[in-house]
Amino acid sequence: MKVTKICCIGAGYVGGPTMSVIAQKCPDIKVTVVDINQTRIDAWNDPDLSNLPVYEPGLDKVVAEARGRNLFFSTDVIKAIEESEMIFISVNTPTKTYGEGKGMAADLKWVELCARQIATASKEDKIVVEKSTLPVRTAQAVKDILVNTGNGLKFQILSNPEFLAEGTAIEDLESPDRVLIGGDDTPEGKIAIQALVDIYARWVPKDRILTTNVWSSELSKLTANAFLAQRVSSINALSELCEVTGADVSEVAKAIGTDSRIGSKFLKASVGFGGSCFQKDILNMVYICRSYQLNEVADYWEQVIKMNDHQKARFAKKIIKSLYNTVSGKKITFLGWAFKKDTNDTRESAAIYVADHLLSEQAKICVYDPKVNQEKVYADLEYLNTRSSDENRRHVKVMNDPYEACKDSHAIAILTEWDEFKTYDWEKIYQNMLKPATLFDGRNILSKEEMTKIGFRFYAIGKP
Ligand SMILES: NC(=O)C1=CN([C@@H]2O[C@H](COP(=O)(O)OP(=O)(O)OC[C@H]3O[C@@H](n4cnc5c(N)ncnc54)[C@H](O)[C@@H]3O)[C@@H](O)[C@H]2O)C=CC1
Ligand SMILES: O=C(O)[C@H]1O[C@H](OP(=O)(O)OP(=O)(O)OC[C@H]2O[C@@H](n3ccc(=O)[nH]c3=O)[C@H](O)[C@@H]2O)[C@H](O)[C@@H](O)[C@@H]1O
């Protein structure tokens, strides 16, 4: 079966870049990305590519090549479903904030809505592809809705989780370690799997396209994120031990990472992992384990999250302790607000939690991030609901110039590892700060030797 028209519901951090790359690689396939958020769609259609709603290195070039040719962004969900043979669901699946499973389970209301929209709008058989990260066995629910509310049509459900990391999305999509496709082991299921394999095979080597049953595919996505996050929590746990023993966490990471069985990636100690997925997916896995009464398994994975919360709190406490046990009224500058470099995404960023902790101690915070705007910073703090919006706005300032942001501050904290921070004139920054001037490097990107030579009091994660 050759697919010529596909659509994707959800034009976010996954739907946008993923479909842009598919459209770029398959000029003969019409790709329509739809979303209910008009502002987001307008931004995807903005002639000025610096206004795309997602910042990803290289994304502008891909969009420039395919948009208007075979890549379209629209809010007409029904029309896109109607005319496509294959429909990707790439909507948000955040942690539930209400009811049963609050704070743990994935909220599937947007996925369910998609399934209902597909059922209503379809006039022919369709292949439905789960691109969103979903709890294992969600495909069953999607199928149930489609079969029971559809017009007697046949739907094949595939699971095709996305493994891209933000900041490197285009690289990851162009050259993935693997593409995973789960489907039914029936003749119709095999045809659907093959149709999707054929799309990826245009640019991904065949041996990197793995096919499995639907449940293995759904569970592998949660597992991959759990393993990655576990490595970060493991090295962060060791960073605290390094600080009290005189060991250096970067040296330890290198020493263990050169063992090919351990590997060198994802061993960077930090102020804590953030992002929209690690925490949400592990919590979801913990919830699933508990629902099967696998309490020991649930506890084991939950510890990854507890360690991460501890690491963020530990960093905030270190700042307070070093500033003579009080930050009340003191200006502390945050360099970086995004959850990692090369993205404008701030979801679950460690910076939000460190700021919240310091604000509760009456600090004044000044933020500079190359890609995050003022309203996003305020929205992130408001979402926590710790204090009024007015109070957040009074005590937090967001600046567009890093040197201005650092001026007259008692301390600087690096929360994101943006490359530009490494090339700043640190001598100049030091001169304009209150003394003693303290620098808290939450990403281990600066040299202690150089910074202390300038005059800074310097603290890094997991360093003696
Ligand atoms: N952000 C990431 O790096 C990765 C995310 N994922 C998963 O991909 C999924 C999507 O994540 P993001 O793209 O980050 O989320 P996002 O929040 O950036 O985008 C989701 C979009 O779906 C739209 N939407 C929701 N319901 C809709 C409906 N019924 N019809 C039309 N549009 C609708 C929203 O308006 C939003 O723009 C999640 O399940 C996530 O876990 C997977 C791999 C990587
Ligand atoms: O499902 C998802 O959403 C995605 O989640 C992660 O991608 P992402 O969250 O975009 O970014 P990562 O590079 O994994 O970083 C996550 C967090 O861990 C932190 N981290 C990462 C690596 C490390 O060594 N140390 C460390 O503190 C980062 O700074 C960041 O805050 C996974 O890497 C992707 O494979 C997956 O598709």
Side-chain angles (χ1 to χ4, degrees), residues 7-19 33-41 43-44 53-54 56 73-78 80-81 88-95 106-118 130-135 138 160-169 172-173 176-178 221-222 224-229 231-236 239 249 253 257 264-282 284 308 311-312 336 338-343 345-351 415-417 442-444 461:
C7 85
C8 173
I9 310 180
Y13 282 87
V14 169
T18 309
M19 292 302 129
V33 192
V34 289
D35 205 293
I36 39 177
N37 183 334
Q38 181 74 54
T39 317
R40 219 168 204 187
I41 290 298
W44 280 112
V54 170
E56 275 295 338
F73 295 92
S74 155
T75 48
D76 196 342
V77 181
I78 300 298
I81 293 172
F88 288 78
I89 299 180
S90 186
V91 298
N92 34 323
T93 51
T95 304
D107 192 341
L108 299 181
K109 68 180 174 201
W110 293 279
V111 173
E112 179 170 342
L113 185 62
C114 285
R116 290 187 187 279
Q117 282 171 316
I118 296 169
E130 298 175 344
K131 185 51 109 179
S132 293
T133 301
L134 297 167
T138 304
N160 172 222
E162 184 49 59
F163 294 101
L164 70 80
E166 288 177 34
T168 52
D172 296 342
L173 288 164
D177 284 350
R178 78 324 206 165
K221 173 63 200 179
L222 296 182
N225 275 355
F227 268 64
L228 289 169
R231 282 176 72 92
V232 179
S233 273
S234 297
I235 200 70
N236 281 344
S239 73
V249 76
S264 61
K265 293 180 181 161
F266 265 70
L267 286 179
K268 280 200 202 90
S270 67
V271 55
F273 62 73
S276 60
C277 294
F278 278 179
Q279 172 165 310
K280 142 178 108 69
D281 294 347
I282 295 176
N284 183 213
N308 197 46
Q311 188 76 348
K312 291 180 272 188
F339 81 98
K340 64 185 285 196
K341 73 171 178 176
D342 291 337
T343 178
D345 195 350
T346 62
R347 289 176 287 182
E348 290 300 330
S349 179
L415 276 304
T416 313
E417 72 282 22
R443 294 292 186 160
N444 291 353
I461 306 271

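Remember, it's 1-based here, ligands and their atoms both numbered in the order they're listed. Residue numbers run from 1 in the order of the sequence given.
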Under a 4.5 Å cut-off applied to non-hydrogen side-chain atoms, are [X] and [Y] in contact?
X	Y	result
K221	L134	no
L164	Y13	no
V232	S270	yes

Which heavy atom of the protein is the closest neighbour of [atom], given with residue, atom name and distance?
atom	result
atom 35 (O) of ligand 2	F163 O, 2.7 Å
atom 18 (O) of ligand 2	F273 CB, 3.2 Å
atom 6 (C) of ligand 2	F278 CE2, 3.4 Å
atom 20 (N) of ligand 2	V232 CG2, 3.9 Å
atom 37 (O) of ligand 2	L164 O, 2.7 Å
atom 12 (P) of ligand 2	K340 NZ, 3.6 Å

Going by the 4.0 angstrom heavy-atom rule, the piece of T343 near ligand 2 is neither
Under 4.0 Å between heavy atoms, the region of Q279 that gets near ligand 2 turns out to be neither
Per salt bridge (charged side-chain N to carboxylate O under 4.0 Å, His left out), E417 is matched among K268, K340, R443 by R443
| query | Less than 3.5 Å between some nitrogen or oxygen of R443 and one of ligand 2, yes or no? | reply | yes
For ligand 1, the portion of [X] having any non-hydrogen atom under 4.0 Å away:
X	answer
E56	neither
C277	side chain
P161	neither
I9	side chain

For [X], the ligand 2 atoms whose distance to one of its heavy atoms is below 4.0 Å:
X	value
K221	1 (O), 2 (C), 36 (C), 37 (O)
L228	32 (C), 33 (O)
L267	24 (O)
C277	1 (O), 2 (C), 3 (O)
S270	26 (C), 27 (O)
E166	10 (O)

In D345, T346, L415, the residue satisfying side chain to side chain contact (heavy atoms under 4.5 Å, CB included) with F339 is D345
Is a side-chain donor or acceptor of N236 paired with a backbone partner of Q311 at a separation under 3.5 angstrom? no
CZ (F273) and CG (N225) are apart, to the nearest 0.5 Å, by 9.5 Å
Counting both backbone and side chain atoms, is some N or O of R40 under 3.5 Å from an N or O of ligand 1?
-> yes
Parallel, tilted or perpendicular: which one describes the rings of W44 and F73, with boundaries at 30° and 60°?
parallel
